[in-house]
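Step one of this worksheet: look at the structure below.
The figures that follow rest on heavy atoms only: side chains count, while hydrogens, waters and symmetry mates do not. Reminder, nothing fancy here: chain letters follow the sequence lines and each chain counts from 1.
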2 protein chains.
Amino acid sequence: MTINKNCIIRLSRYKNALYRLKNLGFVKVFSDNLADAVGVLPSQVRKDFSLFGLTGNRRGGYNIDELIESLGNILGKDKVHEVIVVGAGNIGTALMNYKGFEQEGINLVACFDIDPAKQKKASGMPVFPLEELKDFVKQRSVRIGIIAVPDIAAQQVLDIMISAGIKGILNFAPIRLRGPEDLVVNNINVELELENVIYFVNALRKTRGK
Amino acid sequence: MTINKNCIIRLSRYKNALYRLKNLGFVKVFSDNLADAVGVLPSQVRKDFSLFGLTGNRRGGYNIDELIESLGNILGKDKVHEVIVVGAGNIGTALMNYKGFEQEGINLVACFDIDPAKQKKASGMPVFPLEELKDFVKQRSVRIGIIAVPDIAAQQVLDIMISAGIKGILNFAPIRLRGPEDLVVNNINVELELENVIYFVNALRKTRGK
DNA sequence: AGTTTTTTGTTATTTTTTTCACAATAAAAT
DNA sequence: ATTTTATTGTGAAAAAAATAACAAAAAACT
Ligand SMILES: NC(=O)c1ccc[n+]([C@@H]2O[C@H](COP(=O)([O-])OP(=O)(O)OC[C@H]3O[C@@H](n4cnc5c(N)ncnc54)[C@H](O)[C@@H]3O)[C@@H](O)[C@H]2O)c1
Ligand SMILES: NC(=O)c1ccc[n+]([C@@H]2O[C@H](COP(=O)([O-])OP(=O)(O)OC[C@H]3O[C@@H](n4cnc5c(N)ncnc54)[C@H](O)[C@@H]3O)[C@@H](O)[C@H]2O)c1
């Protein structure tokens, strides 16, 4: 059983689909419902579940509440996770304003920036000077951080975060970050994804005529 | 030769790494330099290049300028691509303010929103009423669009975009979009990525003791 | 009660992707 | 001019992931 990023991503998607099905009033679900909701094959759903010992009833499908609970446990939804943001620019501000994290047990607790003009402690989420990051993270044992600073600053910010005890990073800077082997880094590169969409639109136009 | 999303993503990464190397004054590059910059094995780099007929010189590596040009052609960097944004909220505004797209030949030309309070034609990028999307897109033959509206509105917005002629989507709404087979959709799901980071941080803590 | 139908859970198969391995070759060194 | 060294380009091998296949089991039906 190899822990595979795509597999965990699928678990999150199953969980989100289950929330929706539950809201729609469903009580049980079959692997092909989930497959359809997420865009994979039913055998993939059952394979993923099997990997984590998630079981249903033959001919009876899966109980949605139980499945949500089990997936929640696997994905760490049983506790609230505190997360810091570094960089109070366009992206950092968008994240701080976003209301959707709370329901997922993700709690953005503070932001840090080098620009004094961005710093504010009054209303909304506090934005502290970068120098205060280390103490804050250590004191509150924050493990997860988001990097939303320009690419040239990203590695240096990461190094500070690592020294403070951060173990997992969501990185928006379009640069490959270097860190110890046990550091978890997921990258979101908007330009790359757009460029990729453009490539495939062109590629399809070429192959499918017109 | 199967066109594979990850492979194209790697081509973009190689291209970005080459920009940096060029700025640093390098003229030629070896597969292991690129591999290191991007975080893959040298054989992967050569395999990718081989798939697209990109060649270098045995023992001489690759000429950076030539490689940038070739990758640029493959990735459609020879022309400027017009892109529209739908949803002038947190994410939409962050994207509109972002200066980095221009250098990549990506031109965000307009935004559309249903909320009259968000609409403005004066300074900066124009934000038009949603009803004007179809005409705008048809008239300018825009092919690519970004969805930055709440999840409940995303599918309905997509349908409008498709009817207007949009062929490729970058979607920020945490929902699976349905469209015709030849529609290209890349999703950016920030919560999912964060949840994933959290999972692996916890998983590592469990396996590696402490 | 027995038969049919449906859906799981898991093993086997296939496909895809990555990695290896090495001959071909060009530059550098002798 | 010959030898050594370094690096590509690609076909073969290995690894990983996805898909299919199907026996086991449980519900529904007769
Ligand atoms: N905004 C977008 O839509 C977008 C799109 C694609 C990629 N990105 C990437 O996301 C990242 C953030 O983009 P943005 O548009 O929010 O940038 P931004 O310039 O709006 O904000 C960056 C913030 O980081 C702060 N900062 C700079 N150096 C710092 C440091 N060493 N420590 C702490 N704070 C520091 C700045 O003061 C600023 O507030 C960038 O790497 C960018 O390339 C953004
Ligand atoms: N902001 C974030 O950091 C963040 C994080 C994770 C996911 N997301 C996702 O990104 C999307 C956008 O998030 P946001 O924070 O920018 O939302 P937002 O609420 O700030 O903005 C949404 C905008 O879309 C507009 N809108 C609503 N329905 C519309 C319609 N039918 N047609 C056109 N415009 C419409 C609204 O008027 C608003 O301006 C959402 O799907 C959200 O779940 C955002």
5' priority, DNA chain D, between Gly60(A) and Val40(A) [closest heavy atom]
Val40(A)
Taking the six-membered ring where the residue is Trp, are the ring centres of Phe49(A) and Phe52(A) under 6.0 Å apart?
no
Which whole-number value in Å describes the distance from [X] [atom1] to [N] [atom2]?
X: Arg46(A); N: dA17(D); atom1: CZ; atom2: C1'; answer: 16 Å
X: Arg59(A); N: dC29(D); atom1: CZ; atom2: P; answer: 8 Å
X: Leu51(B); N: dG9(D); atom1: CG; atom2: C1'; answer: 12 Å
X: Leu54(B); N: dG9(D); atom1: CG; atom2: P; answer: 9 Å
X: Leu41(B); N: dT7(D); atom1: CG; atom2: C1'; answer: 16 Å

May I ask you to verify whether the side chain of Arg58(A) and the base of dT6(C) hold a donor-acceptor pair under 3.5 Å?
no
Is any side-chain N or O of Lys47(A) under 3.5 Å from a base N or O of dT10(C), one able to act as donor and the other as acceptor?
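Answer is no: no donor-acceptor pair is held.
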Side-chain N or O of [X] versus OP1/OP2 of [N]: is the shortest distance under 4.0 Å?
X: Ser50(A); N: dG9(C); value: no
X: Ser43(B); N: dT19(C); value: no
X: Asn57(B); N: dT25(C); value: no

How are the rings of Phe136(B) and Phe112(B) set to each other: parallel, tilted or perpendicular (split at 30° and 60°)?
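Rings of Phe136(B) and Phe112(B): perpendicular, as their planes differ by over 60°.
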Test side chain to side chain contact (heavy atoms under 4.5 Å, CB included) on Glu195(B) and Lys77(A); report intermediate values, then the result.
CA-CA 9 Å; Glu195(B) 194 164 286; Lys77(A) 297 281 131 187; 2.8 Å; yes
Any side-chain to backbone donor/acceptor pair from Ser141(B) onto Val137(B)? Under 3.5 Å, distance only.
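Answer holds: no.
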